[in-house]
Every structure is written in C-alpha cells, then in structure tokens.
Amino acid sequence: MPPALAVLRAALRRTHPCPDPSAPPPPTRLTTTRTTDPDHLAAYRRLCGFPAGHATLPLPYPHVLAFPLSMRLMTARDFPLPLLGLVHTSIEIDQYKPIRPTEELHLSVRTTALTPHRRGTEATLLTEAASADGELLWQSRSTYLARHKTRPTSTASAPRTEPESAPESAPAPAPGENWQLPAGLGRRYASVSGDRNPIHLHALTARPFGFPRAIAHGMWTAARCLAERERGETRTPTHTHAPTHTRIEFKAPVPLPTTVTYSTPTPHTFELRSPQGKLHLTGATGPTDAPP
C-alpha cells in the first residue's frame, strides 16, 4: 500500500481512546526483501548530509528501507496505538557489519513492548536487517509515544524521553555548528522516507495533534547528526568499521523553520540545541556486543 494511502487508512481507523500499556504486544512480525535503489539512496544522502559515493550504507538507512513494513505494522488492526500523531522518542541502532548498497537485505519489523509513559503509552518496534544467508547485519529499537490521558493513580514509570519537556539544566553547551532548517524540510524528508505523519508536513496538519507548527522528523535530525559524525570519522586515520551501538533520544520537538546547533560535548556524544539552549536531541556511540 502506498504510504499516503496507509496514512489515510490510519486516520479513518478507530482506535481505543486509552491504550493499555500492560497489554502484551501484538505477535505480528512482517518481513520483506529489499535491494537499495541508487537514486533513492543518493536523494537520501543529499537531504541528510551524508557524503556521496561511500561504499557502505549510511547507518540509519536500513530504517528507511524498512519503513513501509513499519507503516503496515502500525496501521494493522492489532496495533494498539493510533498512527497519526505518534511521536518518535528514541532509537537504538546496532550495526554488526557494514552494508554494501548492492546487498540484498532481508528486513523484519515487530512490536516487542508496550510501556507506560507519563503522557501516554510507548511502543517499541524492533527492526532487523539480515544478509541473504541470514546473518544479522543491523538492528534498531525505536520507541513511539501515543499521547493520551493517563489515570491519576497510574504507577507508570518516568519516561526515558520527554518530547515536550522544558530545557534540561546543563553546563554551557559546547561550541557547535549552526544549521538552518527550512519550513518545508518535513515535506522533503517525507518524500524520501515515506513518513507522511501530519505533524511533520504543515502547521495546519500539526495543530490538531498539539503542535503549533510542523516539527522536523526525529529520524532526519538523527541522520543529519550521524552524517556530521561520519564526516569527522572518515577524516580520522584510525577510523574502522568495528561493530557499533548508537543511542539517540529525542528530547523536544524541532519546530520548522528554525535554527539548531550541533555540537559534540565528548568524542562519543553529540547533541542538538535551539539558539536558546533548549536540548532537542542527545546521542551516544560506542562498541556493541555480538549479534544475538
């Protein structure tokens, strides 16, 4: 189903007004086989800032390849949260081996958990990319928040991420690089990624979900930060393709248009802030264990 029709289907489908985070996740597991389209990869690289011509896929690109599966999963009748208005709150990526653009990938997506959140319910989606012979090359765990009223007596744990939170108290931000984000960025990324959630497209479509302006896709901000890191790493003589673990938390929405500042407080961490110092995104990278 084309992404636009999937979004329309989700908008028309009635969902329970108050999801139950104690319910078991649905058992549905979707799979497909994909080979990278060179033109699509080039468009993604340009929009997110990844250098052209690299021999391996950008770290977050399998997420985009698997996104049609994620859409099918989140628009299925047994998915417990409404698709429209979902907010991406975090992603963890383990890359075990570099992936060549010519490789055939076996992709799968499933829901692994529902978690209570102070502002609603979070679902965790596990995405995996394996080689043709079944070797796990890459996997991610994304959390998505559906905002709804929660019971006052709920024992929900404090959220790991808070998209609407006030700026965190922190030392003075590290010097960084300013990026100008245009008003149409959400529509441009939607055309590449297939993620046409209305909160990203226009102020008129974002307001019904509590956002006065369209907000940037979390995965674009993540990809742009990772592209900047990749540029720095490839200039480092000791750069290797060792297995890596990356965790990114989306702390607050990035309204469009705006200016943001990218910085690296330590060699293994990065962040994105507003001109006023509000923290939008934090990230950390390090080694990972062997595939499960």
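From a predicted model like this one, the values you see are computed outputs, not experimental measurements.
- For the residue pair Q139 and Y96, a side-chain donor N or O sits within less than 3.5 Å of a side-chain acceptor on the partner.
- No hydrogens or angles considered: a donor-acceptor pair under 3.5 Å links the side chains of T89 and T143.
- Shown here for T36 and L65, the closest heavy-atom pair between the two residues is OG1-CD1, 3.9 Å.
- Side chains of L47 and R188 form a contact here, defined as non-hydrogen atoms less than 4.5 Å apart.
- In the hydrophobic cluster analysis, where Ile, Leu, Val, Met, Phe, Trp and Tyr join through side-chain heavy atoms closer than 4.5 angstrom, L30 is grouped apart from L114.
- Residues N178 and T259 bring no donor and acceptor atom of their side chains to less than 3.5 Å of each other.
- Hydrophobic clustering of Ile, Leu, Val, Met, Phe, Trp and Tyr side chains at less than 4.5 Å, counting indirect connections, unites I99 with L69.
- In terms of hydrophobic clustering, with Ile, Leu, Val, Met, Phe, Trp and Tyr side chains grouped at heavy-atom distances under 4.5 Å, V192 and L57 are assigned to a common cluster.
- Contact annotation: the side chain of P62 never approaches that of S140 to less than 4.5 Å [non-hydrogen atoms, C-beta and beyond].
- The CZ atom of R110 sits 10.0 Å away from atom CG of L125, with the distance rounded to the nearest 0.5 Å.
- Residues T269 and T282 form no side-chain contact, since every pair of their non-hydrogen atoms from C-beta on lies 4.5 Å or further apart.
- Here the CG-CG distance, from D94 to L136, works out to 8.5 Å after rounding to the nearest 0.5 Å.
- With a 4.5 Å cut-off on side-chain heavy atoms, M74 and P82 do not count as touching.
- Between the side chain of H200 and the backbone N or O of A214 there is no donor-acceptor pair closer than 3.5 Å.
- The backbone N or O of L59 lies less than 3.5 Å from a partner atom in the side chain of W138, making a donor-acceptor pair.
- The CG atom of L41 sits 10.0 Å away from the CZ atom of F50 when rounded to the nearest 0.5 Å.
- Inter-residue side-chain proximity for T102 and T35 is flagged as unmet; no heavy-atom pair is nearer than 4.5 Å.
- Checked by atom type, the side-chain pair H88/S142 shows a donor-acceptor distance below 3.5 Å.
- Criterion: ILVMFWY side-chain heavy atoms under 4.5 Å apart, direct or through other members. Under it, V260 and M219 are part of a common hydrophobic cluster.
- Here T127 contributes atom OG1 and H63 contributes atom NE2; the two are 6.5 Å apart, rounded to the nearest 0.5 Å.
- Between L226 and I248 the shortest side-chain heavy-atom distance falls below 4.5 Å.
- The pair E104-R34 fails the salt-bridge criterion, with no side-chain N (NZ, NE, NH1 or NH2) lying under 4.0 Å from an Asp/Glu carboxylate O.
- For the residue pair S131 and D133, a side-chain donor N or O sits within less than 3.5 Å of a side-chain acceptor on the partner.
- Shown are L83, D78, T111; of these, the side-chain contact (heavy atoms from CB on, under 4.5 Å) with L73 is made only by T111.
- Rounded to the nearest 0.5 angstrom, F270 CZ and S263 OG are separated by 10.5 Å.
- Put simply, the side chain of V87 does not reach to within 4.5 Å of the side chain of Y144, judged on heavy atoms.
- Electrostatic pairing of E92 and R247 counts as a salt bridge here, judged by a charged N lying under 4.0 Å from a carboxylate O.
- At a threshold of 4.5 Å between side-chain heavy atoms, the hydrophobic network of Ile, Leu, Val, Met, Phe, Trp and Tyr places L126 and I91 in two separate groups.
- Of all heavy-atom pairs between G186 and L201, the closest is O-CD2, 4.2 Å.
- The line from CG of L256 to CD1 of I215 is 8.5 Å long, rounded to the nearest 0.5 Å.
- Residues W179 and L272 are in side-chain contact: their nearest non-hydrogen atoms beyond the backbone lie under 4.5 Å apart.
- Judged by distance alone, the side chains of E230 and H54 do bring a donor and an acceptor atom under 3.5 Å apart.
- Taking the six-membered ring for Trp and thresholds of 30 and 60 degrees, H40 and Y61 have ring planes inclined between 30 and 60 degrees apart.
- Under the side-chain hydrogen bond (donor to acceptor under 3.5 Å, both in side chains) criterion, the residue pairs touching residues 205-226 are R224-E228, with sequence neighbours excluded.
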